[in-house]
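Scroll down for the structure; my scribbles are underneath it.
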Amino acid sequence: MGSGVTKTSEFNKRYDRDGNVIPAALTMKAAVMIQRWYRQYVARMEVRRRYTWNIFQSIEYSDLQDQIKLYNFLGYLVDNFTPSSSERNLISHIFRENEVCRDAEWERYFSYANIEVPDIYSGPRLSFPLDMAQVANLAEAFKNKQQLHSRYVLQLLLETWKLLRVLPNINRVSTCHSKEITICGDLHGQLEDLLLIFYKNGMPSLEKPYIFNGDYVDRGKDSIEILLILFAFLLVYPGDVYLNRGNHEDHIINLRYGFTKEVLKKYKMHGKRILKLLQKIFSWLPLVTVIDHRVLVVHGGISDSTDLSLIARVDRHKYVSAMRPPKKSSASRTNLYRPAVYDEMMISKNRRGSLMFPKPLGSRDSFQRRSLQNFSSTITRTVEEELEIRRRQSEFSLSSFSRSHQILNLSLSSESEPDSSEFTNTNNDEWKQILDLLWSDPMSQDGCIPNEIRGGGCYWGPDVTEDFLNRHNLQLIIRSHECKQDGYEFCHNRNVLTIFSASNYYEVGSNRGAFIRLGPDLVPYFVQYQATGMTRGLSFSQSMKRTEHTALKVLREQLFAHKSDLISAFQVFDKEKTGLISLDNWAAAIERVLRLDLPWLVLHAQLVSNTSDDLLDYHAWFRDLALKKPGCEHIEQTLLEALYRHRSTMETIFRIVDTDNSGFITFEDFRQTLKLLSAYLNIEISDEAVNELVINTDTNNDGSIDIDEFMEAFRLVDKSRLERGRSLLKFKQENQDLPQEEQTPQTAESAASQNVQSPDPKTSDSSDPQTADSLDSQTRDSPVLQRADSSYLQTGTSQDSKTAECSAPQTADSPGLQTDSPSSQTSDSSGSRT
Amino acid sequence: MAPKKKEEPKPAAAPKPPEPEPPKEPEFNPAEVQIEFTAEQIEDFKDAFQLFDRTPTNEMKITFAQCGDLIRALGQNPTNAEVLKVLGKPKAEDMQVKMLDFDQFLPMHQHICKAKDRGTFEDFVEGLRVFDKEGNGTVMGAELRHVLATLGEKMKEDEVEQLMAGQEDANGCINYEAFVKHVMAG
């Protein structure tokens, strides 16, 4: 062959085994064939990715609504129970005003001076005023899983509090001197992400200002560490570190989403004081930051009534919690929060539309009025019994609802601050403004409607953005609050930018985090990342599959938790009770009960194991779905199921009732709480049932109940994992290689390996017969949910494991979940780094 | 150099032809397509359609660009050319802009479903076997990458990367039966 240019046809020649040239056409066809298959593969993955995301979001939002509903219910009770009722006392404290004390008294209460730090304490020791070296040291210590001693915690928090009190509501930052500002979004207790940001971008300093846009805590397991680091930087560089308040910087939200629990666990002795101090600190966090008078940085967003000059003037620290308007009065309480509470008004169809693109619901006024009526009628039914009892003790009467409402308010207001009678609508407006800033989400349509999914703030449209920017002479809104697949997302014609810094938020591999660098030209530059060693080496499809796996698991749990309701719904279609139902009806029934607006038909292949013909045997399906064995058969199945379904709510109530944040409540309070719960859920909890629950829980026999331990009992276990675990144990026992404490095929680095899959070795003998029983009992049509006793298989260490907090569905009760570790995690894949 | 005689592709031995079957076929006419799906299947498709629907008011519309993805997600594997054909051969700039609703989508999907045999595991393996020089069940990863990126309906580099991620062994070879199983199982 001559020299010269290689022609493409030559270049693409292929030879077979015998050295003959394979015709180019054949090669081409082969290529096209592969490409077609590849594209189909990608499309299928995309569908899975989308519904996985939808699942997580739906459940997240529906859980958020539960929280709101609960809070409103409690509020209603407080308003309507007589002052002397014991239930009311249990919960009224969260509605009570901020105690009116002087700051000096508070400083005494929070005093750290006489907390001694023992010599053996090997963690960081701080000396004030802090300097950069100490902060870097602190970060390093946290990276090494050390914990800061409570004395230093209190000291640091006190200093922070003092500083925050002199900061304005609106931080003003400038990019002069060619400084680039770094802006970070939600962190949610994921320390790894914060450290990764510092690693990639450098720590805050005079040359490197940072803005942190709220939601530092909850869900992740290192919330307190993140706070301590951020506050430490704030103290060292007060002119270069700016913290905005997020909706999770709120002690009532923290009760449900894990921060309270984390602090109490890590700081058993002083946790209560630390939490109290944090409550104040949160209320003193600035609300927004403005860069160069051009860019607004706020956690949630805006509404059509947002007015920065008003924001600048409010006393932000009066608004301790979004769930609690500043003053108790009928006006404030029946305000925006009521609308969120209404089962009947839930947008049933096409709610998926409302997650991303909400449907308009009519004018806001009519919205509120309608819901108030609905709500009170619902509640009236449920508490009627209770109120009957109380009637003799008071003049309260349902018929004169509004009048007694006023009476109560008067009596209540005597407890609160002297100027309560002067409470006007101004405070109400201010509260709403703050709520909007911290809770709102953007939508694609024009307009501004209440954010009924979250229960607070609003959905605002591009026209509102434009109007707002013009009015305030701004050019860009940077906000967080919503998880985004790539860590950031523009909307509203690139006028609004969402930045989210917690990677792997729903599950390992679910999304990247990102941060922004903004120079004087105010053009955002993004850096994306994904933390955790677990995603290293996972290809996109592997990490997507993991996320999907978790999502489906969560979904199965939801389905299981609604078993009774679902069976009733199925039987609407299956009137002859044959036990069979067509797929279409199956999907319709599920949607009617769960109301998550997910593509059930698309998901059906994943949720139903034997997709034979078009008729589904639903009883068999439920048996396949789960899960635990009955430990207390005498506790009624529907009760157990209801308690399981509402376990987040139940836990929240417990924590509310646990006024001193000790983690324990007395028997009596426990009983009262269950009664409250029974009123709220409208289910019967008999005294015997309560006693049964109590006896089984109080393992210390000291008359008090450990909340964590109680909640441990409401765990659902994956049946297939159970079997795998058992067979593995059996294998090990037969071969007697590993010590029986060792687990499962997970790699040591994986925190999930701490999840016990096989039974506790000590009880392995005794538990085996139990499981044998359970298998048998499961073939009978028997309750599958269980209240665990201590000998049960799944001893939990899952609170500590990373996956329990971060990767298990954050919305569900986190310690309760036995997180699964799909086998892909163990492989040292050589695939590309995501 | 000696000219090589190019053989005509024989559908029996080779993988399926990439072009639509009758090359001179008239334009795709949705009205002529008979919908043969069952009601249940249609419900299924609607669910999937909604997943791709990004309109603000949930109007059940998707862009032209998504049409191919949706058809593939529902289990077909048309070539890009086939997809463009049922879309009426739109211009490139229309792909992201023009929308279609579910009723317009259904005949397109039906046509693709009916149009050809979908290709089996064996066909796919055959296609890959073309590149198996040594006849030992493996292909060179580098070669495959090159082919996929330069021939046929070219793939982009990152697409190739994603497809091949984790498939190559230490020598850069891919066991293609396993590979096919991987792709088909998704």
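Here is the naming used below: chain letters follow the sequence lines, and residue numbers restart at 1 for every chain.
- Other residues, nucleotides and ligands contribute over 12 non-hydrogen atoms within 6.0 Å of the NZ atom of A:Lys484.
- Here the straight-line distance linking atom CG of A:Asn54 with atom CD of B:Gln50 works out to 10.0 Å at 0.5 Å rounding.
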Handout entry: Verdict with supporting geometry, B:Glu159 and A:Val42, side-chain contact (heavy atoms from CB on, under 4.5 Å)
Key = CA-CA 9 Å; B:Glu159 287 179 319; A:Val42 167; over 6 Å; no

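- Judged by distance alone, with hydrogens and angles left aside, the side-chain atoms of A:Arg50 form a donor-acceptor pair with the main-chain N or O of B:Leu51 at under 3.5 Å.
- Contact of the B:Phe52 side chain with the A:Val47 side chain is registered, since non-hydrogen atoms from C-beta on lie closer than 4.5 Å.
- Although no hydrogens or angles enter the test, the distance criterion places a donor-acceptor pair under 3.5 Å between the side chain of A:Gln40 and the main chain of B:Gly75.
- Of the atoms belonging to B:Ile71, not a single heavy atom falls under 4.5 Å from chain A.
- Other residues, nucleotides and ligands place no more than 12 heavy atoms under 6.0 Å from the CD atom of B:Gln34.
- Atom CD of A:Glu466 sits in a sparse spot, with 12 or fewer heavy atoms from other residues, nucleotides or ligands closer than 6.0 Å.
- No more than 12 heavy-atom neighbours from other residues, nucleotides or ligands sit within 6.0 angstrom of CD on B:Glu157.
- Side-chain atoms of A:Arg36 never come within 3.5 Å of backbone atoms of B:Pro78 as a donor-acceptor pair (strictly under, hydrogens ignored).
- Residues B:Ala73 and A:Ala43 come closest through the heavy atom pair N-CB, 3.7 Å.
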Practice task
I would like to know whether A:Glu46 and B:Arg72 meet side-chain contact (heavy atoms from CB on, under 4.5 Å); could you show each step before the answer?
Solution key: CA-CA 10 Å; A:Glu46 177 61 17; B:Arg72 291 179 177 115; over 6 Å; no

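- Here the closest non-hydrogen pair linking B:Val147 and A:Gln35 is O-NE2, 4.3 Å.
- When each of B:Val160, B:Asp69, B:Leu148 is scored by its heavy-atom pairs under 4.5 Å with chain A, the top score falls to B:Leu148.
- Under the 3.5 Å distance criterion, the side-chain polar atoms of B:Asp47 are matched with a main-chain donor or acceptor of A:Leu601.
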